[in-house]
Structure formats: structure tokens, C-alpha cells
A.B. asks: 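Sharing a structure, written as C-alpha cells. Questions coming.
Proteins come first, then strands; the chains are lettered A, B, ... in the order of their sequence lines, and each starts at number 1.
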2 protein chains.
Amino acid sequence: MSDDLFKALADGTRRTILDELTEKSGQTLFEICARLSMKHGLGISRQAVSQHLAVLEAAGLVETRREGRYKFHELNVAPLRHITERWLGPRIPGPEKDPS
Amino acid sequence: MSDDLFKALADGTRRTILDELTEKSGQTLFEICARLSMKHGLGISRQAVSQHLAVLEAAGLVETRREGRYKFHELNVAPLRHITERWLGPRIPGPEKDPS
DNA sequence: TTGATAGGCAAGTGACGACTTGCCTATAGT
DNA sequence: ACTATAGGCAAGTCGTCACTTGCCTATCAA
């Protein structure tokens, strides 16, 4: 069900996080917090960002990798590729279609 | 900005409405209500559907046209075309960049 | 006119989402 | 050992969202 995907994209802060991970993938939580504060002026707590990252991970947009006490977040744009195909018509003849 | 667009897509019922308008554009409110009930088993009130259509219209995904006591709703997929481009941009598979 | 159809407006409810606060665990550096 | 760093967990607040209810307007047909 792609419900998680659309819900994840519904929040502006989460979309900004995707922007930051697009610019530099493999950031830690604190790194993302710093960037949101510096570049976007978002006064947001660490836990809030952590929760956003959890939502993005549940949607398959972010994958994590642990190394010691660091947890790196990497972007995965694959789920974004075909989410609008169902309304933009059969541009690419594919075998499966997955509405939700 | 595009906030309305993502918010409009966040709801599953609204995405189903887009599906129905994709299949047959230019439907009235009651026609959409009937289809949601019949084909999708959605027990939803007329007013709820009306509010969904208002959200979709605010996002630019639906345009309306009045004729007498009828109001026809037409799909406009243009806003959907490039909403994921900011993340699907020129990503060259390979090692990460190192901006300073 | 009367009645039925198509739709709109506004207030209220219930649930979910975004965010905070406080405390806890684990790893690394000295 | 002690301390700072990186992160997690859980409860609670507050606002927004989806939906309902009730009533109102407009158009068309008899």
C-alpha cells in the first residue's frame, strides 16, 4: 500500500529533509538537524526530526545504516518513480499496476 | 506553493476520486458519490465528497464547470507532472559527492 | 405552485499527526 | 572511571483533518 508514501510526502518538513538528503546522502540525525536549522531556519527539536525520519523510512524513502554510535540516513528515490503513473496515463507499458 | 498539492494527494479517498475522474472526466458530485459507493464500497456522505473535491480543486487537480443545476468536475493532471523532479533529478549512480 | 433534484454553508465531533518534554541506553574520547 | 556525544522510548499537548448533521439556495419538471 502506497498510503505510507503519500503520507510521508504530505509534510513540508519531511520534503525538506528529502531535499537535504538529495544534496548529501548518508547524513546523521544531528547533521540533518543542523542543516534544517541553518539553511531553512526551522526551529525543530531533534526528536521531531527523528520521528520524521522514521516516517520516511516506513515509506521506503530513507534507508539507515549503523556504524558505532552513528546512524547514517540514505535517500532512496525508487518509491517516487511511478507514484503518479496511475493518473498520467500509460506512458510506459508495464506489467503490473498497484493501486491503493 | 505545492503544499496544497501534496496535502491533496495524502488522502486515499481523494486519490480514488482522481482514479474515477481519470476513468471518466466531467462527472457531477452525485455521480462521483455513486461510484465511490458502488465500485469502492466507501460509505461516505455527499458533503464529505464535496469537501474532498474542494481540496482537489484548491490543489489545481480538478476544475469545475457549471451548467444549470449541474456542476461537472474535470481532471487536470498537469500539477502531477513534475512534483517529484526535485528528487529524481540528475542523479548519477556512483560515489557520493563531497561538497565543502 | 409544488415537489424533486443538485449542490452549498456552517458548526460540531472524533481521531490522527506534529511536536515537545523528560528520561533512558549505548558508544566514544580523556 | 567519568563525561560528552549520538540516539531511542514514551507520554502528553495542541492543532489540523475527515466526516457528520442540519439547514439553506437554486434549478428543473409536473
A.B. asks: Please enumerate all residues that pass salt bridge (charged side-chain N to carboxylate O under 4.0 Å, His left out) together with B/Lys24, with sequence neighbours excluded.
C.D. replies: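 Here the qualifying residues are B/Glu31.
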A.B. asks: Between A/Phe72 and B/Gly68, which is nearer to the 5' end of DNA chain D once each is assigned its nearest nucleotide?
C.D. replies: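 Closer to the 5' end of DNA chain D: A/Phe72.
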A.B. asks: What's the CG-C1' distance between A/Asp11 and C/dC16, to the nearest Å?
C.D. replies: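 In whole Å, C/dC16 C1' lies 13 Å from A/Asp11 CG.
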A.B. asks: Kindly say whether A/Lys71 contributes a backbone atom to a donor-acceptor pair with the side chain of A/His73 at under 3.5 angstrom?
C.D. replies: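 Yes, because the side chain of A/His73 sits within donor-acceptor range (under 3.5 Å) of the backbone of A/Lys71.
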A.B. asks: Could you tell me how far apart B/Asp3 (CG) and C/dA18 (P) are, to the nearest whole angstrom?
C.D. replies: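 The answer, rounded to whole Å, is 12 Å.
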A.B. asks: Start at the 5' end of DNA chain C and walk down; is the nucleotide closest to B/Tyr70 or to A/Tyr70 reached first?
C.D. replies: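 Nearer the 5' end of the strand: B/Tyr70.
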A.B. asks: Is there a donor-acceptor pair under 3.5 Å between the side chain of A/Arg35 and the backbone N or O of A/His40?
C.D. replies: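 No, because the side chain of A/Arg35 does not come within donor-acceptor range (under 3.5 Å) of the backbone of A/His40.
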A.B. asks: Is it true that a side-chain atom of A/Ser25 and a backbone atom of A/Leu75 form a donor plus acceptor pair closer than 3.5 Å?
C.D. replies: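 Yes; judged by distance alone, with no hydrogens or angles, the pair exists.
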A.B. asks: Quick check on contacts: within residues 34-52 of chain B, what sits under 4.0 Å from DNA chain D by heavy-atom distance?
C.D. replies: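 Heavy-atom cutoff 4.0 Å gives B/Gly43, B/Ile44, B/Ser45, B/Gln47, B/Ala48, B/Gln51, B/His52.
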A.B. asks: Atom CG of A/Leu56 and atom C1' of C/dG17: how far apart are they, to the nearest Å?
C.D. replies: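 Distance, rounded to whole Å: 14 Å.
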A.B. asks: Would you mind checking if A/Glu63 and A/Arg65 are paired as a salt bridge, meaning a charged N to carboxylate O distance below 4.0 Å?
C.D. replies: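 A/Glu63 and A/Arg65: not salt-bridged.
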A.B. asks: Just the endpoints, please: which first and last nucleotides of DNA chain D, 5' to 3', lie under 4.0 Å from a heavy atom of chain B?
C.D. replies: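 Range of nucleotides within reach of chain B: D/dA18 to D/dC28.
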A.B. asks: For A/Lys7 and for B/Phe30, find the nucleotide of DNA chain C with the closest heavy atom, then tell me which residue's nucleotide is more 5'.
C.D. replies: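 Its nearest nucleotide being more 5', the pick is B/Phe30.
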A.B. asks: Applying side chain to side chain contact (heavy atoms under 4.5 Å, CB included) between A/Arg14 and each of A/Leu9, A/Val55, A/Leu53, report the one that passes.
C.D. replies: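 Result: among A/Leu9, A/Val55, A/Leu53, A/Val55 is the only option passing the side chain to side chain contact (heavy atoms under 4.5 Å, CB included) with A/Arg14.
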A.B. asks: Under 3.5 Å, is there a donor-acceptor pair between the side chain of B/Thr22 and the main chain of B/Leu18?
C.D. replies: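 Yes.
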A.B. asks: Nearest whole Å is fine: how far is C/dA18 P from A/Leu53 CG?
C.D. replies: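 In whole Å, C/dA18 P lies 13 Å from A/Leu53 CG.
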A.B. asks: Would you call A/Asp11 and A/Arg15 a salt bridge, taking side-chain N to carboxylate O under 4.0 Å as the test?
C.D. replies: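 No, A/Asp11 and A/Arg15 are not salt-bridged.
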